[in-house]
2 protein chains.
Amino acid sequence: METVEQTLKSSGMKVTPQRVMLLKYIKENPGEHLSAESIHEHVKSITPNIPAATVYNILKALSDKGIINFIELEGKALYESRTDPHINFMCQACGKIDDYEISGSMEPILSNVKGIITNSTVLLKGICSSCTKSAEQ
Amino acid sequence: METVEQTLKSSGMKVTPQRVMLLKYIKENPGEHLSAESIHEHVKSITPNIPAATVYNILKALSDKGIINFIELEGKALYESRTDPHINFMCQACGKIDDYEISGSMEPILSNVKGIITNSTVLLKGICSSCTKSAEQ
DNA sequence: GTCCATGCAAACGATTTGCATGCGT
DNA sequence: ACGCATGCAAATCGTTTGCATGGAC
């Protein structure tokens with residue numbers, strides 16, 4: 001498995017402690033959809049004087065390079081380690097975001113699209129299975 | 001074709017001039033992805049003292065009822081008249097958002113998803129066909 | 001040594017809040 | 001008449017900017 005330092009280097013990014021720390025944190029939390037703010041909060045516990053601007057810069061750079069994935073939800077920027085096409089399901093009852101595999105592939109449904117696709121996001125909203133069960137009682 | 005007044009009434013919403021005006025404007029611009037702010041700007045030209053809060057309230061209510069569709073892009077709330085599943089393609093070169101039909105249906109790719117889905121959004125980013133052509137020269 | 005990344009503070013802008021008034025039912 | 005919707009102003013909050021300093025290469 002590639003180290004985060006190698007990942008940064010092979011994407012043409014300079015290797016700085018802040019970038020390493022951030023990318024490690026995101027990679028160590030697969031399945032999580034971390035807000036820029038919560039990431040900032042976390043890294044401040046390690047490097048107290050890291051400014052928001054640096055965190056936002058790094059997150060943007062990492063997602064621009066395709067190293068992490070970026071989605072917007074409820075007015076916030078969320079980042080996740082998973083960069084392959086998948087389904088994000090947000091429960092409107094509990095607020096949790098679950099990932100699901102795309103059954104088969106995205107390609108068939110995209111056959112009408114003209115142009116070059118660099119990123120695909122499938123975002124579902126609804127009531128997750130555990131909230132559905134609680135409501136049934 | 002149902003009038004916007006009928007649409008509001010049958011969704012259990014009170015019929016007010018502001019709601020009618022807003023919904024009409026969105027319905028009259030199919031294929032457009034209107035920001036809350038641009039909608040506010042537009043209606044101010046008709047009702048100069050309509051506050052942002054009212055516009056935001058109404059847009060939220062309309063999308064909660066499923067009368068219009070809501071997506072988030074680049075930190076802004078966008079609204080469109082189309083509420084059936086379709087593809088939103090944002091060109092990273094010119095910023096335009098194009099709609100495409102989903103080839104076949106969403107359902108097959110969603111077969112892994114547990115829970116009740118109330119809204120599906122497919123959001124693509126890339127370079128649209130006209131920007132691809134301009135770059136080829 | 002060069003240039004990009006970081007640290008810092010202040011600004012920004014889209015959206016939201018609280019409350020008084022008005023209007024649809 | 002009742003209760004939700006509107007008008008208004010101010011506040012909020014996630015994010016961005018400008019610029020000086022520091023560190024990776």
Side-chain angles (χ1 to χ4, degrees), chain A residues 3-25 33-65 67-68 70-79 95 97, chain B residues 3-25 33-65 67-68 70-79 95 97:
Chain A
T3 64
V4 299
E5 287 84 352
Q6 289 169 335
T7 305
L8 290 169
K9 210 168 278 183
S10 61
S11 301
M13 291 178 74
K14 286 187 184 169
V15 179
T16 70
Q18 295 83 347
R19 287 174 177 182
V20 170
M21 175 173 48
L22 260 159
L23 183 50
K24 267 189 181 153
Y25 178 58
H33 301 76
L34 302 160
S35 69
E37 266 200 308
S38 75
I39 294 170
H40 184 210
E41 280 311 308
H42 169 80
V43 297
K44 268 202 293 192
S45 69
I46 304 167
T47 310
N49 52 349
I50 191 170
T54 298
V55 173
Y56 281 90
N57 278 344
I58 293 175
L59 293 172
K60 188 178 188 314
L62 290 173
S63 62
D64 283 352
K65 294 284 184 184
I67 300 170
I68 59 177
F70 162 76
I71 62 170
E72 293 186 67
L73 217 41
E74 308 200 298
K76 284 185 224 165
L78 303 182
Y79 295 91
I97 303 170
Chain B
T3 65
V4 299
E5 287 85 352
Q6 289 167 337
T7 304
L8 291 169
K9 211 168 279 183
S10 61
S11 300
M13 292 178 72
K14 286 186 185 171
V15 178
T16 68
Q18 295 84 347
R19 288 176 176 181
V20 169
M21 175 173 50
L22 261 161
L23 183 50
K24 267 190 182 153
Y25 177 58
H33 301 76
L34 303 161
S35 69
E37 265 199 308
S38 75
I39 293 170
H40 184 210
E41 280 311 309
H42 169 80
V43 296
K44 269 202 292 193
S45 70
I46 304 166
T47 310
N49 52 349
I50 190 170
T54 298
V55 174
Y56 282 91
N57 278 345
I58 293 174
L59 292 172
K60 188 176 188 315
L62 290 173
S63 61
D64 283 351
K65 296 283 184 185
I67 300 171
I68 60 177
F70 162 75
I71 62 170
E72 292 187 66
L73 217 41
E74 307 198 301
K76 283 184 226 163
L78 303 182
Y79 295 90
I97 303 170

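The figures here come from the full heavy-atom set of this structure, side chains too, leaving out hydrogens, waters and symmetry mates. In the text below, chain A, chain B and the rest are named by the order of the sequence lines, each starting its count at 1. Note that this is a predicted model, so its numbers are computed, not measured.
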Would you say that B:H33 contacts B:L73 through its side chain, given a criterion of any heavy-atom pair below 4.5 Å between the two side chains?
no
In chain order, what residues pass the side chain to side chain donor-acceptor pair (under 3.5 Å) check against A:H40, with sequence neighbours excluded?
none
Going by side chain to side chain donor-acceptor pair (under 3.5 Å), name the residues that satisfy it together with B:E37, two or more places apart in sequence or in a different chain.
none
Whole-Å distance separating the [atom1] atom of [X] from the [atom2] atom of [N]:
X: A:M21; N: C:dG7; atom1: CE; atom2: P; result: 8 Å
X: A:L8; N: C:dC4; atom1: CG; atom2: P; result: 17 Å
X: A:L73; N: C:dT15; atom1: CG; atom2: C1'; result: 16 Å
X: B:L22; N: D:dA5; atom1: CG; atom2: P; result: 14 Å
X: B:I58; N: C:dG24; atom1: CD1; atom2: P; result: 12 Å
X: B:I50; N: C:dG22; atom1: CD1; atom2: P; result: 17 Å
X: B:K65; N: D:dC4; atom1: NZ; atom2: C1'; result: 12 Å
X: B:L34; N: C:dT15; atom1: CG; atom2: P; result: 13 Å

Determine the interplanar angle of the B:Y25 and B:H42 rings, folded into 0 to 90°, and report it as parallel if under 30°, tilted if 30 to 60°, perpendicular if over 60°.
parallel
Say whether, by atom type as modelled, one donor and one acceptor occur between the side chain of A:S38 and the main chain of A:L34 under 3.5 angstrom.
no
Just by modelled atom types, is the A:K44 backbone N or O under 3.5 Å from a matching donor or acceptor in the A:T47 side chain?
no
Rounded to the nearest 0.5 Å, what's the gap from CD1 on A:I39 to CD1 on A:I50? Could you check?
11.0 Å
Looking at C:dG7, I'd like to know if its phosphate oxygens (OP1 or OP2) sit under 4.0 Å from a side-chain N or O belonging to A:Q18.
yes
When the axes are fitted on five pairs at both termini, how much does the helix from C:dG1-D:dC25 to C:dT25-D:dA1 curve, in 10° steps?
50°
Contact letters for nucleotides 13-25 of chain D, in which S counts primed atoms plus P, OP1 and OP2 and B counts the base, heavy atoms under 4.0 Å
-SBBB------SS
Kindly list each side-chain donor-acceptor pair under 3.5 angstrom involving residues 52-65 of chain A, sequence neighbours excluded, with atom names and distances?
| residue | atom | partner | partner atom | Å |
| --- | --- | --- | --- | --- |
| A:N57 | ND2 | A:A53 | O | 3.4 |
| A:K60 | NZ | A:D64 | OD2 | 2.9 |
| A:S63 | OG | A:L59 | O | 3.2 |
| A:S63 | OG | A:K60 | O | 3.2 |
| A:K65 | NZ | A:S11 | O | 3.2 |

For residues 15-22 of chain A, which side-chain N or O atoms pair as donor and acceptor with protein atoms under 3.5 Å away, sequence neighbours left out?
| residue | atom | partner | partner atom | Å |
| --- | --- | --- | --- | --- |
| A:T16 | OG1 | A:R19 | N | 3.2 |
| A:R19 | NH1 | A:K14 | O | 3.1 |

Does B:R19 or B:P48 map to a spot on DNA chain D nearer the 5' end, using the closest nucleotide for each?
B:R19
